[in-house]
Amino acid sequence: MKQIFVMFALLLGVCAANAQTADTVKYAAGNDLYRGITRKLPYRQMVTPYGVEVTFAKTVHIIFPAAVRYVDLGSNHIIAGKADGAENVIRVKAATEGFPGETNFSVICEDGSFFSFNAKYAREPEMLNIEMKDFLENEDTSDFSHTRMNIYFRELGNESPLLVKLIMQSIYKNNDRKVRHLGSKRFGIQFLIKGIYTYNGMLYLHTQTKNSSNVPFDTDFIKFKIVDKKVPKRTAIQETVLDAVRSYNEVVEIAGKSTVRTVYALPKFTIPDDKLLLVELYEKNGGRHQTIRVENADIVNAEVINELKIK
C-alpha cells in the first residue's frame, strides 16, 4: 500500500512539472518568445522605414544629403553599394529575380543621419531615382532628442555630428570676421582666417579664399600642422599634422574673380609658446601656395560658441 502512495506522489510531481513547463512555454509564446523580463518598445522609438521598390533589370539610385559611410543589407536578395565617383549616392537592385516578400537595408551618412528602408520586388519600380531630403532645412533643431541624427563617430569624440554640422552652418551663414590679422596674399590669391571658434572639445576655423586673378585656383589640399617657431641649423624639423574631421562648403576649384568660404572642424588643441600652427593651402599643379601662421594666443582666445544662438 505504501508503495502505491509513493508512486502516486511521483506521478503527481511529474504532472505538475509538465504543467509548469507548459505554462512557461505559453507565457513565453505570449511574450513573443522573449525570456525573462522585457518591456515593449513604444512606437515613438521606431525609426520609420521608407518603402523602396527594386527590380532585377534596372538600378535604383538614392541620393543622400551627406556622404554615405555605412550600408547594411537585410538579405542576399538585394545588392547595394556606393556609386562610383559619388560619395552620397548608392545604387540598389535585386540580386534575385522576383524574390518573395520584403527585405530591408540601412544607411548611415557622414553627418550622423540614419535611414532605414524596406525593399520589395517590382517588375517596374515606381521610382528609379530618389533624393532623400535633408530634414534640417525645415525642421526645428532646438531639441536634438527627437531627431534621428544621434549617431556618434569616433573622430568626433563625445560631440554629436548633428551639432557639429549646425555649428559649421551657423558660422558660414553669419559670415562674421572675428580675426583681422591672420592672412596671406600672393600671386593674386588672398587666403584669410576670418574666425576661430570653440565648443565642447572642438575648434572651428572659418577661412576665406579670394581669387583676384583670371586663372582658376584648383585646390590640391589644405594642411594644418604644429611646427617649431625657430629651427636651429642642422636640426630636424619637428611637426605634428592635425586632420580636419569635418568641413563645410569645401570647394576644389575657385574660379577667377571669385571668393569661397569654408569652415573646418578640428579636435581641440593648444600650442606651446615655442611652437605655432601653420595653415597651408596648396594649389594643384601650380605654385600659388598660401601659408598662415597662427600663434597660441589666437587659439586660446577662440570665441566660445553659444549653443542657443545656433540656427
Side-chain angles (χ1 to χ4, degrees), residues 47 49-50 52 54 58-74 78-95 104-117 119 125 127-139 141 147-157 159-173 202 204-207 209 216-224 241-255 258 260-267 281-285:
V47 177
Y50 295 91
V52 175
V54 297
K58 296 181 180 179
T59 301
V60 175
H61 287 88
I62 306 177
I63 306 169
F64 293 91
V68 174
R69 172 174 285 206
Y70 167 91
V71 181
D72 182 73
L73 307 180
I78 58 175
I79 55 176
K82 287 185 185 180
D84 295 339
E87 291 295 319
N88 66 321
V89 180
I90 67 168
R91 42 186 170 76
V92 188
K93 67 185 305 180
N104 74 319
F105 62 98
S106 302
V107 176
I108 297 176
C109 292
E110 192 75 21
D111 60 1
S113 56
F114 176 86
F115 297 89
S116 178
F117 300 88
M127 299 181 182
L128 289 177
N129 302 298
I130 303 167
E131 182 178 11
M132 303 307 299
K133 175 186 173 186
D134 185 351
F135 76 100
L136 290 180
E137 293 179 1
N138 299 308
E139 290 286 336
T141 54
T147 72
R148 65 179 183 277
M149 308 276 286
N150 288 322
I151 297 171
Y152 289 75
F153 297 125
R154 186 178 296 110
E155 68 268 21
L156 296 180
E159 192 58 279
S160 162
L162 167 62
L163 192 54
V164 171
K165 181 178 180 179
L166 288 175
I167 289 174
M168 292 191 298
Q169 285 181 342
S170 179
I171 293 172
Y172 183 86
K173 181 179 179 180
M202 298 289 293
Y204 300 88
L205 272 65
H206 182 198
T207 68
T209 307
F217 183 94
D218 295 323
T219 303
D220 191 4
F221 60 88
I222 185 169
K223 181 183 288 187
F224 306 89
V241 177
L242 305 172
D243 294 323
V245 294
R246 290 292 186 278
S247 63
Y248 184 80
N249 194 48
E250 190 169 22
V251 178
V252 174
E253 180 181 295
I254 304 170
S258 67
V260 170
R261 293 183 295 110
T262 307
V263 181
Y264 295 95
L266 297 94
L281 179 67
Y282 283 81
E283 182 183 19
K284 187 175 183 179
N285 299 324

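The structure presented is a predicted model; accordingly, all values stated were derived computationally and were not measured.
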What is the minimum heavy-atom distance between [X] and [Y], and which atoms define it?
| X | Y | result |
| --- | --- | --- |
| Ala244 | Leu266 | CA-CG, 4.1 Å |
| Ala265 | Met202 | CB-CE, 4.0 Å |
| Ala66 | Cys109 | O-SG, 3.8 Å |
| Tyr172 | Arg261 | O-NH1, 2.9 Å |
| Leu73 | Phe105 | CD2-CB, 3.6 Å |
| Tyr248 | Thr262 | O-CG2, 3.2 Å |

*Answer yes or no: is there a donor N or O on one side and an acceptor on the other, between the side chain of Arg246 and the main chain of Glu110, under 3.5 Å?*
yes

*Under 3.5 Å, is there a donor-acceptor pair between the side chain of Asn88 and the main chain of Phe64?*
yes

*Would you mind reporting whether Ile90 and Val107 have side-chain heavy atoms less than 4.5 Å apart?*
yes

*Any side-chain heavy-atom pair from Asp84 and Arg91 closer than 4.5 angstrom?*
yes

_I'd like to know whether Lys93 forms a side-chain contact (heavy atoms from CB on, under 4.5 Å) with Lys58, so could you lay out the CA-CA distance, the side-chain angles of the two residues, the decisive distance to 0.1 Å, and finally the verdict._
CA-CA 7 Å; Lys93 67 185 305 180; Lys58 296 181 180 179; over 6 Å; no

At what distance, to the nearest 0.5 angstrom, does [atom1] of [X] lie from [atom2] of [Y]?
| X | Y | atom1 | atom2 | result |
| --- | --- | --- | --- | --- |
| Asp111 | Arg69 | CG | CZ | 10.5 Å |
| Phe117 | Ser106 | CZ | OG | 8.5 Å |
| Tyr50 | Ile62 | OH | CD1 | 11.0 Å |
| Leu205 | Ile222 | CG | CD1 | 8.0 Å |
| Lys173 | Asn249 | NZ | CG | 15.0 Å |
| Glu131 | His61 | CD | NE2 | 14.0 Å |

*Decide yes or no on side-chain contact (heavy atoms from CB on, under 4.5 Å) for Glu250 and Thr207, but give the supporting numbers first.*
CA-CA 10 Å; Glu250 190 169 22; Thr207 68; over 6 Å; no

*side-chain contact (heavy atoms from CB on, under 4.5 Å) between Thr219 and Leu281: does it pass, once the steps are laid out?*
CA-CA 7 Å; Thr219 303; Leu281 179 67; 3.7 Å; yes

